[in-house]
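First the structure, in the form of structure tokens, and then the observations on it.
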Amino acid sequence: MTTSSQPRVSGLEIRSIDYVPLDERHGKLWHLGPLWFMSNAQIATLAVGLISITEGGNLVWSLIAIAAGTILGTFFMAFHSAQGPQLGLPQMIQSRPQFGYVGALLVWLFAYVQYAGFNVFNTILAGEALHTTLHGGVKLWVVVVTLIGFVIALVGYDVIHRAERVLTYTFLVIFGIFTVGILLTLHYPPGSFDLDGFQWTPFLAQFGVVAGYQISWAIYVSDYSRYLPPDVTVRKTFYWTYFGSALGGIWLMCLGALLAAWAGKDFETIRSINAAGDKVFSGFGAIVLLFSALGLISVTALNMYGGSLTLISAIDSFKRVRPTVAVRVVTIGLTAALSIAGALASTAHFLENFNNFLLVVLYLFIPWTSVNLMDYYVVRRGHYAVAEIFNPHGIYGRWGWHGIISYLVGFAVMVPFFSVGTLYVGPAARTLGGADIALFIGLPVSAVLYWLLTRSIDVDAEARLAEEEIVALESASHEHREP
């Protein structure tokens with residue numbers, strides 16, 4: 001990633017996939033709390049809490065499944081967050097030590113598809129919310145939302161953190177009133193809170209989708225912690241990320257379950273939110289929707305920012321990329337354009353299958369998160385030669401067969417346990433009555449296999465190389481050269 005020294009453009013973040021030097025580290029650890037709270041506390045997350053209700057589960061077991069799935073899934077994403085301050089790198093570029101300089105393209109492709117898929121859903125929801133309250137047409141608002149998200153993503157890291165903090169404070173007021181109102185004014189079907197109404201299949205379906213949704217955040221998290229100084233500690237970084245994301249997720253998913261149980265077959269995200277809000281007081285539904293649109297704009301910006309980093313990482317695998325503002329403009333712009341095109345071309349069929357999309361995301365990232373965390377916390381114990389991550393002929397190689405094999409085997413053993421609505425139900429899942437336990441198969445298989453395959457790695461030699469290269473790394477990063 002060779003480049004000449006480049007002056008900073010005022011207001012715009014210059015760095016992308018390159019290492020953040022120690023004297024540029026800044027921010028406060030607690031900022032991760034509101035960032036991950038608000039990233040989850042938006043109405044796309046609300047839609048994740050519908051699965052059990054729509055498959056015939058009762059309300060109380062749906063709420064339990066949501067809490068359990070969030071507790072488990074957030075565990076993995078929060079441990080990824082702790083990698084950011086220690087390495088000074090965004091999340092997906094960290095896949096090179098496990099999968100290789102070129103081999104990491106395997107997971108980057110899936111990551112980029114995830115960013116695009118979520119943005120299509122987010123912008124459509126935001127467009128519908130704004131059309132319902134301000135009119136003007138869904139397609140117009142989809143474009144407006146995407147353009148605002150583009151500007152936020154372009155300015156970058158600091159403005160994203162600030163925006164999420166402001167939105168968090170406002171959310172606590174508006175959605176606090178909304179939640180209390182829902183609990184006091186809505187009526188639920190008989191048996192909604194009957195613990196005897198447990199059904200295994202809808203419970204596991206809800207649990208799996210929630211866990212997958214939380215694990216899907218794992219590809220984002222180091223992007224927003226990499227500017228923090230390394231002395232913030234892994235434990236504290238984990239806590240602020242975990243509790244922020246888990247609280248935001250549980251709150252909105254449980255709201256989704258409550259609304260779905262109340263509305264029944266008439267449930268429709270925007271219309272039901274509006275109707276429930278108006279039961280608190282006339283016009284409050286519109287206030288909730290307008291604020292919800294702001295939350296969706298912020299998460300759209302997160303997806304563009306992460307999509308840009310992933311796209312730059314992928315291009316860099318073939319041709320060295322200079323970490324410049326121009327590169328960020330092009331890659332964020334391309335991600336925004338794909339988001340608009342996808343949203344404008346989408347149909348109700350896409351929205352109906354959003355839950356299937358979430359399950360596919362879960363399946364694709366279970367083996368990746370397993371391999372990445374095993375490598376970081378057990379195999380290499382956080383010691384990486386960062387400069388080598390940007391060296392196509394470095395110690396991590398072009399193809400990391402240990403990671404690739406572990407990923408593919410972990411994915412393959414999950415296939416019989418897949419249960420994706422009407423799209424595919426594996427033979428093992430059919431035997432279990434449609435229950436999906438793929439998560440519990442893929443995680444340990446990929447982790448254990450990777451650990452076994454990497455027993456021969458000379459971790460101490462890699463750590464010594466990292467120490468030898470650190471001075472040159474800091475110097476190169478100040479001059480915006482390699483890496």
Side-chain angles (χ1 to χ4, degrees), residues 48 51-52 54-55 57 65 68-69 72-73 75-77 80 92 95 98-100 103-118 199-219 310 349-350 352-375 399-454:
V48 182
I51 310 303
S52 180
T54 58
E55 293 191 5
L72 178 67
F75 179 85
F76 296 97
M77 68 86 74
H80 285 290
M92 295 313 292
S95 296
Q98 302 98 52
F99 296 91
L105 285 167
L106 171 71
V107 291
W108 292 342
L109 172 63
F110 300 149
Y112 196 74
V113 169
Q114 175 182 307
Y115 287 125
F118 276 120
Q199 296 181 59
W200 188 244
T201 299
F203 179 87
L204 280 181
Q206 183 67 76
F207 177 92
V209 168
V210 170
Y213 188 74
Q214 291 302 99
I215 289 175
S216 73
W217 285 112
I219 69 172
T310 301
H349 184 66
F350 169 84
E352 290 169 2
N353 284 285
F354 180 63
N355 294 328
N356 292 339
F357 172 76
L358 290 175
L359 279 173
V360 172
V361 164
L362 169 65
Y363 299 147
L364 291 173
F365 284 103
I366 283 173
W368 169 78
T369 195
S370 182
V371 166
N372 182 269
L373 292 178
M374 175 60 72
D375 185 66
W399 299 93
W401 292 112
H402 298 147
I404 294 171
I405 291 171
S406 301
Y407 179 96
L408 294 176
V409 171
F411 186 84
V413 298
M414 289 194 300
V415 173
F417 297 89
F418 287 176
S419 183
V420 193
T422 58
L423 296 181
Y424 176 79
V425 178
R430 282 198 300 272
T431 302
L432 295 170
D436 188 336
I437 61 170
L439 171 70
F440 303 104
I441 306 299
L443 276 171
V445 168
S446 293
V448 172
L449 181 56
Y450 185 78
W451 178 74
L452 291 172
L453 292 175
T454 54

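Position 1 is the first residue of the sequence; numbering continues from there. If you're wondering where the values come from, they're calculated on a predicted model, not measured in any experiment.
- Listed by first and then second residue, the side-chain hydrogen bond (donor to acceptor under 3.5 Å, both in side chains) pairs involving residues 358-368 are Ser95-Trp368, Tyr363-Asp436 (not counting sequence neighbours).
- Partner of Leu443 under the side chain to side chain contact (heavy atoms under 4.5 Å, CB included) criterion, out of Thr369, Leu72, Val448: Thr369 alone.
- Under a 3.5 Å cut-off, the side chain of Ser216 and the backbone N or O of Tyr213 do form a donor-acceptor pair.
- For residues 103-115, the pairs satisfying side-chain hydrogen bond (donor to acceptor under 3.5 Å, both in side chains) are Tyr112-Thr335, with sequence neighbours left out.
- Shortest non-hydrogen contact noted between Ala218 and His80 is CB-CD2, 3.3 Å.
- For His402, there are no side chain to side chain donor-acceptor pair (under 3.5 Å) partners at least two apart in sequence or on another chain.
- Counting only residues at least two apart or on different chains, the side-chain hydrogen bond (donor to acceptor under 3.5 Å, both in side chains) pairs with a member in residues 439-452 are Asp375-Tyr450.
- Note that OG1 of Thr454 and CG of Leu449 are 9.0 Å apart. Values are rounded to the nearest 0.5 Å.
- Here Leu106 contributes atom CG and Gln98 contributes atom CD; the two are 12.0 Å apart, rounded to the nearest 0.5 Å.
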Please tabulate, for side-chain N and O atoms in residues 407-419, each donor-acceptor pair with protein atoms closer than 3.5 Å (sequence neighbours left out).
{"residue": "Tyr407", "atom": "OH", "partner": "Leu364", "partner atom": "O", "Å": "2.6"}
{"residue": "Ser419", "atom": "OG", "partner": "Gly434", "partner atom": "O", "Å": "2.8"}

For a side chain to side chain contact (heavy atoms under 4.5 Å, CB included) check, start with the C-alpha distance between Phe99 and Val371, then their side-chain angles and the critical distance, and finish with the verdict.
CA-CA 9 Å; Phe99 296 91; Val371 166; 3.9 Å; yes
Side-chain donor-acceptor distances from residues 200-210 under 3.5 Å, at least two apart:
{"residue": "Thr201", "atom": "OG1", "partner": "Gly433", "partner atom": "O", "Å": "2.8"}
{"residue": "Gln206", "atom": "OE1", "partner": "Ile51", "partner atom": "N", "Å": "3.1"}
{"residue": "Gln206", "atom": "OE1", "partner": "Ser52", "partner atom": "N", "Å": "3.0"}
{"residue": "Gln206", "atom": "NE2", "partner": "Val48", "partner atom": "O", "Å": "2.9"}

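- Here the CG-CZ distance, from Leu373 to Phe75, works out to 8.5 Å after rounding to the nearest 0.5 Å.
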